[in-house]
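Presented below is the structure to which this report refers.
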Amino acid sequence: MASNTPTQDLSNLPYIPLKPFTGTDPAGGDALLEDLNVWYQAGDISFMIMSTAFVLLMIPGVGFFYSGLARRKSALSLIWLSVMAAAVSTFQWFFWGYSLTFSHSAGPFIGDLSNFGFRNVLAHPSVASNRIPDLLFAVYQGMFSAVTIALATGAVAERGRMLPCVIFMFLWLTVVYDAIACWTWNPSGWSNRMGGLDFAGGTPVHIASGAAALAYSMMLGKRRGHGTHELNYRPHNVTHIVIGTIFLWVGWFGFNAGSALAANMRAVLAAVVTNLSACVGGITWCVLDYRLERKWSTVGFCSGVVAGLVAITPGSGYVPVWAAVPCGVMGASFANYATKLKFLLRIDDALDIFAVHGIGGLVGNICTALFATNSITRLDGVSSIKGGWLDHNWIQLPIQLADSFAGGAYSFVLTCAILFILNLIPGLHLRASEESEILGIDDAEIGEFAYDYVELTREVLNDVEGDNMSVYSAEQRQQPVVHQGGQGGYGVAIEGGIHGREKIVNMGVPLANHRMYGQGSADLHAQ
């Protein structure tokens with residue numbers, strides 16, 4: 001049927017014609033002499049800027065997730081570490097991290113300093129794709145660096161000092177992350193040239209961070225009271241865990257879909273499998289926990305979502321949609337059972353980072369070998385691979401395993417070496433003192449708290465101390481004294497201090513009966 005719609009003349013619309021890059025300037029050209037935008041699609045640029053912002057959102061997500069899993073007296077320190085990781089990694093990436101990872105003249109193991117301080121990083125087509133410029137690719141990949149170190153430094157939970165950890169961030173990114181990311185993603189890298197498939201960070205992000213967290217936990221030693229009832233506690237704030245999971249879930253769309261490095265069908269497919277694997281992983285972990293406790297655990301669901309996201313990451317741009325289901329099931333299942341490894345290894349991995357990210361990343365790399373297919377890769381219109389087992393490329397599994405174990409072993413050994421040397425430097429000992437651990441890392445290292453009830457308790461105790469000094473004798477002060485608070489009618493009984501501090505014996509109504517404030521006086525230091 002013929003259309004009666006008149007033909008519109010589009011020749012006068014202000015389109016910028018797309019031209020292939022033909023320049024020789026390492027920066028891409030001189031903006032004073034030519035238009036540097038003509039080599040790129042505005043849609044691709046917009047998509048990648050938004051993906052960059054999404055990945056940035058994952059960093060506070062890591063902090064909230066870890067904070068909720070820990071005890072309240074160290075909750076703020078884990079949020080602080082995550083946002084500090086973003087700051088340290090961003091500077092390191094600008095300083096020399098990007099050059100060591102993605103310089104155009106990189107070697108098979110690590111790059112050079114030709115792009116030191118973002119020198120000549122502007123409009124030249126990026127090393128990974130000619131659809132986006134170097135500068136955009138640099139800022140996008142810088143977010144991956146930040147997420148990776150934020151994941152790893154959760155290992156310091158409840159017993160590590162902040163200053164050595166911050167210095168460790170810079171050193172680890174330089175020595176470990178930049179090398180692994182280079183050999184995985186840079187076209188000159190040995191794993192990339194061997195045919196390794198890692199779309200968005202199975203080895204550089206997850207296996208590397210999981211192995212580093214295991215090494216950091218081992219070097220720090222076990223938390224005070226490990227193996228006793230003192231550490232037999234539940235995550236102190238499930239709401240934080242849910243909020244962190246949501247941030248991670250949303251941010252992972254930019255993490256995986258953005259790794260297509262253009263707005264195309266491959267990016268769409270990556271987004272679809274990312275969400276599907278997350279959902280299946282959450283259901284799987286929740287069911288596995290229910291069979292043991294007969295409770296539908298919110299924490300279990302959130303852990304499964306993250307495990308599903310981890311498992312689909314390396315194959316998100318290579319596998320068909322249906323493959324997200326086995327990826328999510330296997331990722332969550334293996335990570336769930338891997339939480340028992342820390343007991344076999346006798347390493348206090350407080351937040352199960354190795355189980356979720358190390359083992360989850362390994363499962364993801366294996367699933368990529370099984371389910372990767374060239375028909376999915378070609379959705380971007382330019383890329384091509386030999387595929388995995390679906391395409392009868394049986395050698396892909398050994399290649400994936402070689403890349404996985406090389407990355408994990410390298411990260412573990414170098415992390416131990418960095419921490420061993422740091423611990424020998426005066427003032428940079430890794431472990432907090434026992435008194436600081438009892439008091440809480442928030443108070444000892446930061447001097448601020450995640451919840452204002454800590455300050456409320458201090459104010460009440462200060463008032464009581466003042467009243468006691470003016471009214472009661474020294475002998476009477478050894479007996480519990482009840483102080484009535486303000487409008488809320490909070491009652492607090494105290495007794496003589498331990499190590500110069502008063503100990504709360506009983507919190508009156510309504511604080512004692514509110515779950516937010518824990519189990520009462522016996523749990524004051526444990527919480």
Side-chain angles (χ1 to χ4, degrees), residues 62-63 65-67 69-82 84-85 88 148-173 175-177 208-228 230-233 235-236 338-358 408-446 525-526:
V62 171
F65 192 94
Y66 285 172
S67 169
L69 287 172
R71 288 177 287 184
R72 59 173 56 90
K73 65 181 181 180
S74 298
L76 185 61
S77 64
L78 292 167
I79 298 176
W80 185 92
L81 279 173
S82 71
M84 181 57 72
V88 172
T148 304
I149 193 61
L151 291 172
T153 50
V156 308
E158 303 185 347
R159 78 263 203 208
R161 295 179 62 231
M162 300 293 102
L163 177 59
C165 186
V166 170
I167 296 174
F168 167 80
M169 292 176 186
F170 189 94
L171 297 176
W172 188 87
L173 288 170
V175 177
V176 179
Y177 177 81
S209 64
L214 186 69
Y216 210 135
S217 299
M218 182 184 74
M219 297 297 288
L220 273 178
K222 298 173 182 178
R223 287 168 291 171
R224 179 182 180 275
H226 185 269
T228 69
E230 183 176 344
L231 288 188
N232 185 23
Y233 67 92
H236 92 277
T339 58
K340 311 300 187 293
L341 286 176
K342 62 185 178 184
F343 302 110
L344 296 176
L345 298 173
R346 300 183 183 276
I347 296 175
D348 184 14
D349 182 7
L351 306 180
D352 290 319
I353 303 170
F354 176 71
V356 175
H357 295 276
Y410 181 82
S411 177
F412 184 86
V413 172
L414 267 292
T415 299
C416 289
I418 294 170
L419 293 173
F420 178 80
I421 295 171
L422 276 179
N423 199 48
L424 297 177
I425 301 174
L428 294 182
H429 53 280
L430 306 176
R431 180 88 185 227
S433 66
E434 183 176 6
E435 181 180 357
S436 297
E437 196 173 345
I438 295 172
L439 184 62
I441 301 300
D442 289 358
D443 197 354
E445 291 279 322
I446 299 178
H525 287 309

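Basis for what follows: all heavy atoms, side chains included, without hydrogens, waters or symmetry-related copies.
Side-chain atoms of Ser411 never come within 3.5 Å of backbone atoms of Gly408 as a donor-acceptor pair (strictly under, hydrogens ignored). A donor-acceptor pair is defined here as one N or O able to donate and one able to accept, closer than 3.5 Å; such a pair exists between the side chain of Asn423 and the backbone of Leu430. At least one donor-acceptor pair under 3.5 Å links the side chain of Arg159 to the backbone N or O of Gly221. At distances below 3.5 Å, at least one donor-acceptor pair connects side-chain atoms of Asp442 with backbone N or O atoms of Ala75. The backbone N or O of Asp443 sits nowhere less than 3.5 Å from a side-chain atom of Lys73 that would complete a donor-acceptor pair. With hydrogens and angles ignored, the 3.5 Å screen pairs a side-chain donor or acceptor of Arg161 with a backbone N or O of His429. Remark: side-chain polar atoms of His357 are not paired, donor with acceptor, to backbone N or O of Ala211 under 3.5 angstrom.
The CD1 atom of Ile347 sits 11.0 Å away from atom CE of Met219, with the distance rounded to the nearest 0.5 Å. From Leu171, atom CG reaches atom CG of Leu419 across 9.5 Å, with rounding to the nearest 0.5 Å. To the nearest 0.5 Å, atoms NZ (Lys340) and CG (Leu344) are separated by 10.5 Å. The CD1 atom of Ile425 sits 7.5 Å away from atom CD1 of Ile421, with the distance rounded to the nearest 0.5 Å. The distance from atom CZ of Phe354 to atom OG of Ser209, rounded to the nearest 0.5 Å, is 10.5 Å. Note that CZ of Arg224 is 3.5 Å distant from CD1 of Ile438, once rounded to the nearest 0.5 Å.
The shortest non-hydrogen separation linking Ala208 to Trp172 is O-CZ2, 3.7 Å. Residue Leu422 comes nearest to Pro164 through the heavy atom pair CD1-O, 3.8 Å, listed as atom of the first residue, atom of the second, then distance. Closest non-hydrogen pair, Ala355 versus Thr339, comes out as CB-N, 3.7 Å. Here the closest non-hydrogen pair linking Ile441 and Ala432 is CD1-CB, 3.9 Å. Of all non-hydrogen atoms in Leu81 and Val156, the two that sit nearest each other are CD1-CG2, 3.1 Å. Closest non-hydrogen pair, Tyr216 versus Ala155, comes out as CB-CB, 3.7 Å.
Here the side chains of Ile79 and Tyr66 are not in contact, with every heavy-atom distance at 4.5 Å or above. Between Val88 and Phe168, every side-chain heavy-atom pair lies at or beyond the 4.5 Å cut-off. Residues Ser436 and Glu445 are not in side-chain contact: their nearest non-hydrogen atoms beyond the backbone lie 4.5 Å or more apart. Looking at heavy atoms from C-beta onward, Ile149 lies out of side-chain contact with Tyr177 at the 4.5 angstrom threshold. Contact annotation: the side chain of Pro235 approaches that of Leu69 to within less than 4.5 Å [non-hydrogen atoms, C-beta and beyond]. Within the 4.5 Å cutoff, the side chain of Phe420 has heavy atoms near those of the Leu424 side chain. Leu351 is not listed as a side-chain neighbour of Phe65, based on a closest heavy-atom distance of 4.5 Å or more.
Looking at Asp352 and Lys342, a side-chain N of the basic residue comes within less than 4.0 Å of a carboxylate O on the acidic one, giving a salt bridge. Salt-bridge check for Arg223 with Glu158: passed, with a basic side-chain N closer than 4.0 Å to an acidic carboxylate O.
No donor-acceptor contact under 3.5 angstrom links the side chains of Ser74 and Ser77, judged on distance only.
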